[in-house]
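Since the structure comes first, as structure tokens, the remarks are kept for the end.
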Amino acid sequence: MDEKIRVLVAKPGLDGHDRGAKVIARAFRDAGFEVIYTGLRQTPEQVVNAALQEDVDVVGLSVLSGAHMTLCPRIMELMKKEGLDDVLVVIGGIIPDQDIPKLKALGVGEIFQPGASLEEIVTYVRKNVRKK
Amino acid sequence: MAKDVSDPVKGVERPGPFTTVSGVPIERLYTPENIRDLDYERDLGDPAEPPYTRGIYLTMYRGKHWTTRQFSGFGTAADTNERFHYLLKHGQHGLSVAFHLPTLMGYDSDHPMSEGEVGRCGVAIDSLADMETLFKGLPLDKISTSMTTNAPAPILWSMYLVVAEKQGAGWKNLRGTIQNDILKEYIAQKTYIFPPRPSMKLIVDTLEFGSQHVPQWNTISISGYHIREAGSTALQELAFTLYDGIEYVEWARRAGLDVDDFAPRLSFFFNAHNDFFEEIAKYRAARKVWYKVMTERFQCKNERSAMLRFHTQTAGCSLTAQQPYNNIVRVAIQALAAVLGGTQSLHTNSLDETLALPTEHAARIALRTQQILAHESGVTNTADPLAGSYFLERLTLDMEKGCWEYFDRLDALGGMVAAIEQGFPQRDIQDASYEYQKAIERNDKIIVGVNAFVMEDEPPIDILLIDESVTKRQVEQLGKLRQSRDNGRVRATLEALSDAAAGNSVNMMPYILDCVRAYTTLGEICDALRSVYGVYEEPQF
């Protein structure tokens, strides 16, 4: 691949726990990706807008507050509306097992629960990104 | 004196590295040589004697066990009130309230930013009416209550004070703690509303108000817990937390308060992570460093001003979603470290907390863990039982030394508010947290069930699901309140509040209390303050 993979790391919702988002952002950078971090407390509209403006290949969402079943479906819906269907979406955080099939049905590529390794996440993104 | 450890007869070492969980190298053996610089009177002292390394009370747990205080809150005030009654019935001593994110961020439950968050991470509290429900049937002059509230601390504390007022419980008899520590929010947990300087003003107001009107209340719980959860080392947790304490004392002094009027009511809150001895060293060093800070830097006269009291919570970030029952064992080891470090109160995490808020069953096991330590383990029979251990005393001295080195750096940056504005603690913690994760990926650190001893196809466990009707119920109640209250009075209290905030010369507590008494909501009060103080946007570090 000649061009760098562009990733948006986003923290939707009110949750301020950004340890995971910061660690994965750094791991993506170390893997040679171009990383844009949104900062905290982004509405779904702000997240999708940033994905559009920054012309990213991947959106990584970090949610630990339990609000993922409100925030993630809205983000997926807005992305479709904006024609971002080809952007790979991955989620990390406190996501119970029973929500995983529902999120995948909405088009989320993968959900990484606590304990997932950085290597596993980077490898997944490399393998599944659709570079424009 | 290094002995050859490559000879198979004398013993071959594993490849290592031999370090604490924070990455501090550990020697093969500790002997009297390692603590030649230790002087009993100067460095340790008996319990209740300066520098308090061995504990602040003469009898320690022979006098009284630590307070078991399980942090809880979810759904509506009525849901959490039920859990409070349950925990007290099962032998818990004091209450500890977890508020949901909208409350902590200063939004009412019907605000667009609150969507999806109502009652999820804690209990939804919008107004005095919710606070009345939360403490229904609980006499506030008989129990002590800790409230994990930071940016909106003066508001939630005011609600508590007004509930007490209505119960007929005198403020002088109230015991409890508000976390009220905004500095660690900018550093680590990121649940801030206003910029640092007006936030510090509100905190100084609560210190002053408490010393005058609620003398038994701990007006701040200076917290390392969240710093550690954000990925810091044990030393960073200790140094940043104690320096946050220095910053609060500085600001209060600058506002004209006498150190001895409020310092006896300062309390601390530390994490209990996996590395048993490192954690115990941290608590012991904390008492000693704080004693020196208060007596030397601030020249306190009251000995209680120099006694560091602390709450401990076991490390949420150490729990694993894999094989979650293993977490019971982790929590027990961490809790034991806190007890051997002389904690005054303790929260033990539930086994299912990497998955969701705890079920009643999981919360009960966590509570029982403390009761087993208190009543069965025998560790409560004597104060500071590990004192004199060559290893532990070396770790304690090194922890103290590292702390002073951090203090010099923070002094040079111009104090903690200035250091935060420059991103120093934030960056330092991020570096440590990335290093920690990389050590796990290299298998230098083993996490059982995650990067070793992995099980495929684990059976799922039952978790607590938040009832989807919570938002609807909460928003409906709030709508009714907005109609039934005296809205003229609400507007008047808000105007008085805004004027007082803009004037920036009076204590804000009486104005906030007036708003609360009028059933002005938390979101309305925060909006009024936001329009005067502004909001904090974190620069990217």
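Below, chain A is the first sequence line, B the second, and so on; all start at residue 1. All of these numbers come straight from a predicted model, not from anything done at the bench.
Identified by a heavy-atom distance below 4.5 Å to chain B, contributing residues of residues 103-113 of chain A are lacking entirely.
Among the candidates B:L104, B:T191, B:L101, the single residue satisfying the side chain to side chain contact (heavy atoms under 4.5 Å, CB included) test with A:L14 is B:L101.
Residue B:E115 touches chain A through both its backbone and its side chain, counting heavy-atom pairs closer than 4.5 Å. Residue B:Q322 touches chain A through its side chain alone, counting heavy-atom pairs closer than 4.5 Å. For B:L465, the part lying under 4.5 angstrom from a heavy atom of chain A is the side chain only. With a 4.5 Å cut-off on non-hydrogen atoms, B:E538 touches chain A through its side chain but not through its backbone. Using a 4.5 Å cut-off between heavy atoms, B:M113 touches chain A through backbone and side chain atoms alike. Only the side chain of A:D30 has a heavy atom closer than 4.5 Å to any heavy atom of chain B. Looking at A:D15, both its backbone and its side chain come within 4.5 Å of chain B, counting heavy atoms on both sides. There is no contact between B:D352 and chain A, counting heavy-atom distances below 4.5 Å. Residue B:E537: no heavy atom, backbone or side chain, is found under 4.5 Å from chain A.
Contact of the A:Q98 side chain with the B:P460 side chain is not registered, since no non-hydrogen atoms from C-beta on lie closer than 4.5 Å. In this structure the side chain of B:Q437 never reaches within 4.5 angstrom of the side chain of A:R26, judged on heavy atoms.
Between A:S65 and B:E117, the shortest heavy-atom contact is OG-OE1, 3.0 Å. When all heavy atoms of B:Y192 and A:R41 are compared, the pair lying nearest together is CE1-NH1, 3.9 Å. Taking every heavy atom of both residues into account, B:T354 and A:I94 meet most closely at O-CD1, 3.3 Å. Of all the heavy atoms in B:S433 and A:V23, the pair that sits closest is OG-CG2, 3.2 Å.
Interatomic distance, B:Y536 OH to A:L40 CG, rounded to the nearest 0.5 Å: 10.5 Å.
By number of non-hydrogen pairs under 4.5 angstrom with chain A, the leading residue of B:P112, B:A321, B:G231, B:A188 is B:G231. Put simply, of A:G39, A:S117, A:G20, the one with the most heavy-atom pairs under 4.5 Å next to chain B is A:S117. In terms of heavy-atom pairs under 4.5 Å with chain B, the best-connected choice from A:H68, A:K22, A:H17, A:R19 is A:R19.
Legend: residues meeting side-chain hydrogen bond (donor to acceptor under 3.5 Å, both in side chains) with B:R427, ordered by chain and number and at least two apart, are absent.
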